Amino acid sequence: MMTDPQMQLAGITQALQGADVYLRGVDSFLKQIDMRLQASEAERVKKQVENDIEITNIVSGMHDTARQYFVQWEQVRSSEK
Amino acid sequence: MGKETISENTPSVLPDDYADVRPLTAVPDSTSEMPVYTGPGVENGEEQSSESPKNLFMQAYEAVRTTDKVSTIVDNVAIWWKGRHIDAIEKDIQRLEALASTQSAEASRHEQRLQASNDAALELGRIKNELGVNQVDHSQAANRGDEYAAVKARAESHAATAENINRELAKKRELKEQFERDREGARGRVAERFQNNINANIEVIRNIDSQVDQMQQNLGVADKIVASLQEKQEVARAFLNNPSTLSVDKQMAKSLVQDLEGRIQDMKSAMQIQQEKIAVCDRKKSTLENQKLTWEARIAKKPEQAKVGNEEVSDTEKEESFVAETTKQITEREDALMGDEAETATIEKDPRVVMIEELRDLIHQPELERYDSPDFQDVILENGTPEEKVLVRTYGMFTRMFNFLESSSGHNQESEELDPVSFAREYDEVIDDYIDNPEIALLFDSDNRENIEKGNGTPEQQFLVKLFMFFEYIFSSMDIRTESKKSDKNLI
């Protein structure tokens, strides 16, 4: 399959240039992907920490409630006597 | 009489153990970190082995307090929240319901009897009128009045007790419902936070998916470029291998083939990097998904555990059996007093009553009368044998009880007032000491026991053996207790 060598040369040069464009672009493409992943992970961790703090507060609130409950219970109990 | 005392003092609804829940107040207030419990029962191994609700609570509390991962809190809280205390209160409520209905039934039984007595008196008056007998036997009338008043007082006392118990019930129910509402509310709020965490994970997973998708597309482009480079490389190779190609052109073709080869390798390594990145993303995604599944399972409402009842019955059951016995005795004596022979005949004697009567006969032996003297008691408590010491303490209990029973039948007006519940409580420890005393336990070896029952042995020994049989009877009718304790172990 032989065609005009000039044409072939042009085709090869174009293919090489296409690969160069891709290779130049791939770094920044991957950097962008990394950035997006990191941002979304950071957001997730932030939300989770907030939720964890709230959960801890709720749990200590429950401790207080339970304490009050048992105090009341003691009162009911002692009022029997 | 002791009845009024009963109505003023609603029978206890909580075993003594629960009083010790109070150490909770030792938990310091803290909003920034989990409260630290510093009271008893935390690091104490022997306390841990105990199964009392107090200790179960402490264990559950400790599990919550020291938990490192907040994500395990929901589990721990569920255990703690579900708490034996709720079970205990439920049990109390059931017990109170039963007590209230017994008391109401007693009250209405007495009222019916009063009604019947009134009807009978009217009928008797009518017959007397018809017969023209108008003499009035004043002593009979007075007796009737006394008896009538006694039954009436009894009915009122039972009704008042029932009313007290019902008030108590209402308070307990309200408290329990409030606690359960709080518990559900808190649980819901915790679950909501976990749902937020799940949603955050879902968001990240979506983002990962879209980034992976872009990389896949980019890889597709790279594939095409590589294919094109390889195609061009073939062309250059063919040119290189063509014999008619000039050697200068061959040089150029050769360097082109090398250039193309270099680009192909660069492209392949760029693709490799992306593929590795995709693999990293996949791993991250599956971690997040697992975490999400774990959380979802955690906040899914688990079916309520089967209700555990009947633990911690010892104190209450003791009290109850005392109350039951005394009530039974009172009823019987009342029936005798009312001269209602038919009714008395139909009541089968409770074995416990029979035993109590035997015990009374034993304790009233002349040899044991000296135990009644405080001086003798002091001597015994200092220098007596173990069985004498135990007898001193139980003797006081039984004489007081018999005096009370006799006073309720009108034989002994001088005796003290006695509230069966506080009475049982007062002697709770005495009974425990007696049952747990290893030296006393020697008396209950089957050989010794048989021998003593035959009438050999001191009056003290006879009394203690009889007493032991009495307790044995009472406790063996409580088999449920030991069984439920076993099943509790499985649940922990």
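Lettering follows sequence order; numbering is per chain, from 1. Quick caveat: nothing in here was measured; it's all calculated off a predicted structure.
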Which answer fits [X], side chain, backbone, both or neither, if we ask what part of it has an atom under 4.5 Å from a heavy atom of chain A?
X      : answer
B/L256 : side chain
B/L288 : side chain
B/E203 : side chain
B/D249 : neither
B/A222 : both
B/M252 : side chain
B/I205 : neither
B/I225 : side chain
B/E174 : neither

(message) Any heavy-atom pair between the side chains of B/Q272 and B/K268 that's under 4.5 Å?
(response) no
(message) If you define the side chain from C-beta out and look only at heavy atoms, does anything of B/D282 sit under 4.5 Å from B/I208?
(response) no
(message) Counting only heavy atoms from other residues, nucleotides and ligands, does the tally under 6.0 Å from NZ of A/K46 exceed 12?
(response) no
(message) Can you give me the closest heavy-atom contact between A/K47 and B/A200, atom names plus distance?
(response) CD-CB, 4.0 Å
(message) If you count heavy-atom pairs within less than 4.5 Å of chain B, which of A/T13, A/L23, A/D27 leads?
(response) A/L23
(message) Pair B/N196, B/R193 - check side-chain hydrogen bond (donor to acceptor under 3.5 Å, both in side chains), show working.
(response) CA-CA 5 Å; B/N196 288 345; B/R193 300 311 183 282; over 6 Å; no
(request) Please state whether the side chain, the backbone, both or neither of A/D34 comes within less than 4.5 Å of a heavy atom of chain B. (result) side chain
(message) Only pairs of heavy atoms separated by less than 4.5 Å count here; which of B/R167, B/E192, B/M215 has the most with chain A?
(response) B/M215
(request) Output the option from B/N218, B/D259, B/V226 having the highest count of non-hydrogen pairs under 4.5 Å with chain A. (result) B/N218
(request) Indicate yes or no for a side-chain donor-acceptor contact from A/Y22 to the backbone of B/A270 under 3.5 Å, with no hydrogens or angles considered. (result) no
(request) Decide whether B/E234 and B/Q230 meet the rule of one side-chain donor and one side-chain acceptor closer than 3.5 Å. (result) no
(request) Report yes or no: do A/R36 and B/N207 form a side-chain donor-acceptor pair below 3.5 Å? (result) no
